[in-house]
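Worksheet: one structure, shown below.
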Amino acid sequence: MELTSHNLKSNVKDALGNAQLQKALSNVPKGFIDKRAKAAAALDEFEALRDKGREIKDHTLANLDLYLQAYEQKVIENGGHVHWAKTAEDARRIALEICQKHNAKTVTKGKSMITEEVELNEHLLENGIEPVETDLGEYIIQLRNEKPSHIIAPAIHLNQGQIEEDFRRVHTHLEDDRDMSEPETLLAEAREVLRKRYFEADVGFTGANFLVAETGSSVIVTNEGNGDLTQTLGKVHVVMASIEKVVPTLADCSQILRILARSATGQDMSVYTTFSTGPKREKDPDGPDEYHVILLDNGRSDMLGTEFEEMLRCIRCGACINHCPVYHSIGGHAYGSIYPGPMGSVLTPSLAGVEKAGTLPNASTFCGRCESVCPMRIPLPKMMRHWREREFEQHLQPKAARYGLALWAYFAKRPKLYRALVSFAMPALSLLGGTSKRISSLPLASGWTKHRELPAPEGRTFMQAWAQREALKQEAK
Amino acid sequence: MSENNNPKVGLFVTCLVDLFRPNVGFSAVELLEAAGCDVDVPRAQTCCGQPAYNSGDKADTKEIAKQVLDAFSDFDFVVAPSGSCAAMIKKHYPEVFEDEPEMQAKFKALSEKTYELVSFLTDVMFITQSPGAFSGSVTYHDSCSGLRELGVKEQPRKLLKNMDGVEIREMNDSEVCCGFGGTFCVKYSDISNAMVSKKTQNIDDTGADMLLAGDMGCLMNMAGKLKRQGSKTQVRHVAEVLAGKLDGKPISGE
Ligand code: SF4
């Protein structure tokens, strides 16, 4: 997908003016926030598990090379293949080669953000292979030729009526007068349509929530069971996952699983948690003939050892997005990158470069709600600030903002001069407010006065008034 | 300075209180004095440095932080009528000096004696009763830094409840950001506007006479929006109500 983060402001305008989107977004907080809060409150050890999760991932990241090697070895022992992809392009190429080797015409896909990151679908299509998304949300946006607007709820920007329209447009073989008024009927219809496709598919792609070094397993969690069908019905199962998904042991994996679904949707566990460990063995009743893992780096190893390393703890639960008031206002597409919300505002500059995506870490009030719910305790605001530091060092901020800041800092560092200036300026500004004590427009402050009044200052500054109080006190003595 | 055993409190006025609502500063002074503190206000203060810090300008942040450190070295406590400025000094200054262990130690000491005003009154001075008198209905917005970085939530409510005649009407989503965010509100004014519009809706829905919070930035943002929408809700810093200093102009203007 073409990164449009640099157009954030115009993306935001479009999003705010889009009534359908705003209606869909109004459901986001309701759908997630209370459920997570209840799930977290119901588990005594929830906070302790967050600490544990952080510990597990920090340890893994400190020894990432070792665990990746161990994982690779296990996969090979199990009869699978491991491919290392340094870049998105590498990952696409490897995936295509596997498909072509098997003469694949269609491939099914479980929900996977990594295949979105590397734009696998586009690449397969260009090469004559049809990808079929099997997750309901992904299926819907595929019909609409859109990108996901949320990492766990890709079609959350849509209302039911829009989805009904799409289904009627595409599923022309079904009766016109069918009832599609309930979400369940939409799900059932998608299932029905997709069932056939599973059997036609030559290759099944999934992502991974975890890669377990101890066993060589890849783990996915879903609520629809589509991932299971994707990976067992095709002749070939390809897992595409990024390198930081590895955890040392099954025990580590299950610790983190306990906070993943609770943070994401408020469920104790997702409906399906599926472990796949290599191709079909001799006595297995089903399973793929071949099992491949494509391990994507795409900039992640460059984050190791930097102030952004902690971002690699992310388990893609979406809690930070669900709780973000900026996301609630503009939705996922406006961010102009595949990863939206707070996690995207930290990750996207790492993957695409801060010069291209520097707007994202700036579009935050640092309200801290994301960090307060992140199961892996990732200090998201702090890392967004680190991006701003990089921007500042590289002089990437707009000139007006830079000069404005420099001028302000000049005075802020010189208290006497600052006093002289504000003692003069504030009474003047106060006069401008007139008796109503508010200012409706002010040059240089239009960002403020476009949407709000500026409360006029009282007049004298506190410091002036305080000095007078102290002087009077002295006199009285 | 003081010949008694009263704690010596240095008031960190905050730039917005200094410039826009000195009445809030004097309310803070009254509250602190009523709680038995000797209060002084060092002249050499301007701002806590958040505009620089949040713009990625670490060098200026450091200089401003050092200025604050020097200005407040003689006090037992540093108190600010703002959650975000207090959190800047308490939580972020030590972080900024992570690469200078010696300086960091000094900032950790400063951190330990720095508090947000209302939580200082309740948690350190063990105040349960405030000196002011006010009757009417109020709704309270939890500013982000105070809430999430300093744990300010029940303290102001406790003091307000103990005032005769004050009725607290909680708004929906009182813990959700109002959209101020320092320079964010001018850099991304459209997003900020969407956020503050939800906030003012929640405020209006309570029907309360007055909106209170503990941070001037958020208050000016919400007051400015309420005014633009023609709302009659008065907007004040919680310190003004607790001190009963309601003669000054409300932040919402007239
Ligand atoms: S940053 Fe934290 S809250 Fe956000 S998706 Fe990742 S793990 Fe979840």
Side-chain angles (χ1 to χ4, degrees), chain A residues 8-9 12-13 16 29 325-326 329-330 362-369 371-372 382 385-393 397 401 405 408-409 411-415 418-419 422 426 433 435-438 440 445 447-448 450-458 460-467, chain B residues 13 17-23 25-26 41 43-47 49 51-58 60 63-64 67 95 144-145 148-149 173 175-177 179-196 198 220-221 223-225 227-228 248-249 251-254:
Chain A
L8 183 60
K9 282 190 184 170
V12 163
K13 254 204 183 71
L16 291 170
V326 172
S329 300
I330 63 173
N362 278 288
S364 164
T365 64
F366 290 155
C367 81
R369 213 176 177 203
E371 180 176 359
S372 75
K382 180 174 165 183
R385 192 180 293 108
H386 284 322
W387 277 126
R388 297 185 193 183
E389 283 162 11
R390 294 267 179 112
E391 273 199 309
F392 184 82
E393 286 158 17
Q397 287 145 331
L405 178 69
W408 169 85
F411 284 101
K413 291 185 294 187
R414 292 168 178 79
Y418 179 89
R419 282 290 138 231
V422 299
M426 296 324 278
T435 51
S436 69
K437 286 288 164 213
R438 55 179 214 257
S440 297
W448 180 282
K450 180 176 166 197
H451 297 298
R452 348 167 167 63
E453 308 287 297
L454 180 68
E458 268 176 35
R460 282 192 312 172
T461 66
F462 175 87
M463 285 303 205
Q464 283 174 298
W466 177 261
Chain B
V13 185
V17 166
D18 177 39
L19 301 183
F20 283 89
R21 282 297 175 275
N23 191 49
F26 284 106
V41 186
R43 294 279 295 165
Q45 55 175 308
T46 57
C47 166
Y53 186 51
N54 290 336
S55 304
D57 175 0
K58 245 181 141 171
D60 282 325
E63 278 196 51
I64 294 168
Q67 198 171 282
E95 272 177 29
C144 300
S145 302
R148 279 180 271 270
E149 295 187 291
D173 293 334
E175 295 188 358
V176 175
C177 179
F180 173 62
T183 53
F184 170 85
C185 70
V186 286
K187 273 194 295 190
Y188 289 98
S189 63
D190 291 341
I191 308 179
S192 173
N193 182 46
M195 290 166 70
V196 73
K198 288 179 197 168
M220 287 174 64
N221 179 39
K225 189 69 201 176
K227 258 284 131 77
R228 180 65 57 94
K249 295 246 190 307
I251 299 164
S252 43
E254 318 238 288

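Chain naming here is simple, since letters A, B, ... match the order of the sequence lines and numbering starts at 1 in each.
The aromatic rings of A:Phe462 and B:Phe26 sit tilted, their planes meeting at an angle between 30° and 60°.
Counting heavy-atom pairs closer than 4.5 Å to chain A, the top-ranked of the candidates B:Asn54, B:Ile251, B:Asn23 is B:Asn54. Among B:Arg43, B:Arg21, B:Met195, B:Lys198, the residue making the largest number of heavy-atom pairs under 4.5 Å with chain A is B:Arg21. Of the listed residues (B:Ser55, B:Cys47, B:Gly25), the one with the most heavy-atom contacts under 4.5 Å to chain A is B:Ser55. Top candidate by heavy-atom pairs under 4.5 Å with chain A, chosen from B:Met220, B:Glu149, B:Glu95, is B:Met220.
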For residues 185-192 of chain B, run the donor-acceptor check on the side chains, cut-off 3.5 Å, and write out each pair with its distance to 0.1 Å, sequence neighbours left out.
residue  : atom : partner  : partner atom : Å
B:Lys187 : NZ   : A:Asn362 : OD1          : 3.1
B:Asp190 : OD1  : A:Lys450 : NZ           : 2.8
B:Asp190 : OD1  : A:His451 : NE2          : 2.9
B:Asp190 : OD2  : A:Lys13  : NZ           : 3.4
B:Ser192 : OG   : A:Arg452 : NH2          : 2.6
B:Ser192 : OG   : B:Gly179 : O            : 2.6

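Only the side chain of B:Arg148 comes within less than 4.5 Å of a heavy atom of chain A; its backbone N, CA, C and O stay farther away. Heavy atoms of B:Asn221 lying under 4.5 Å from chain A belong to its backbone as well as its side chain. Heavy atoms closer than 4.5 Å to chain A are found in both the backbone and the side chain of B:Val41. Looking at A:Ser372, the atoms closer than 4.5 Å to chain B (heavy atoms on both sides) all sit in the side chain, from C-beta outward. Interface residue A:Arg414: only backbone heavy atoms are found under 4.5 Å from chain B. The contact between A:Met463 and chain B is made by backbone and side chain atoms together, counting heavy-atom distances below 4.5 Å. The contact between A:Trp408 and chain B is made entirely by side chain atoms (from C-beta outward), counting heavy-atom distances below 4.5 Å. Only the side chain of A:Gln397 comes within contact range of chain B, judged by heavy atoms closer than 4.5 Å. Only the side chain of B:Phe184 comes within less than 4.5 Å of a heavy atom of chain A; its backbone N, CA, C and O stay farther away.
Between the side chain of B:Arg228 and the backbone N or O of A:Ser440, at least one donor-acceptor pair lies under 3.5 Å. Counting only distance, with no hydrogens or angles, the side chain of A:Arg369 and the backbone of B:Val176 share no donor-acceptor pair below 3.5 Å. With hydrogens and angles ignored, the 3.5 Å screen pairs a side-chain donor or acceptor of B:Gln67 with a backbone N or O of A:Ala412.
Between the OH atom of A:Tyr418 and the CG atom of B:Asp18 there is a distance of 6.0 Å, given to the nearest 0.5 Å. To the nearest 0.5 Å, the span separating OG1 on B:Thr46 from CZ on A:Arg419 amounts to 7.5 Å.
Scored by the side chain to side chain donor-acceptor pair (under 3.5 Å) test, A:Glu371 finds no partners at all (sequence neighbours excluded).
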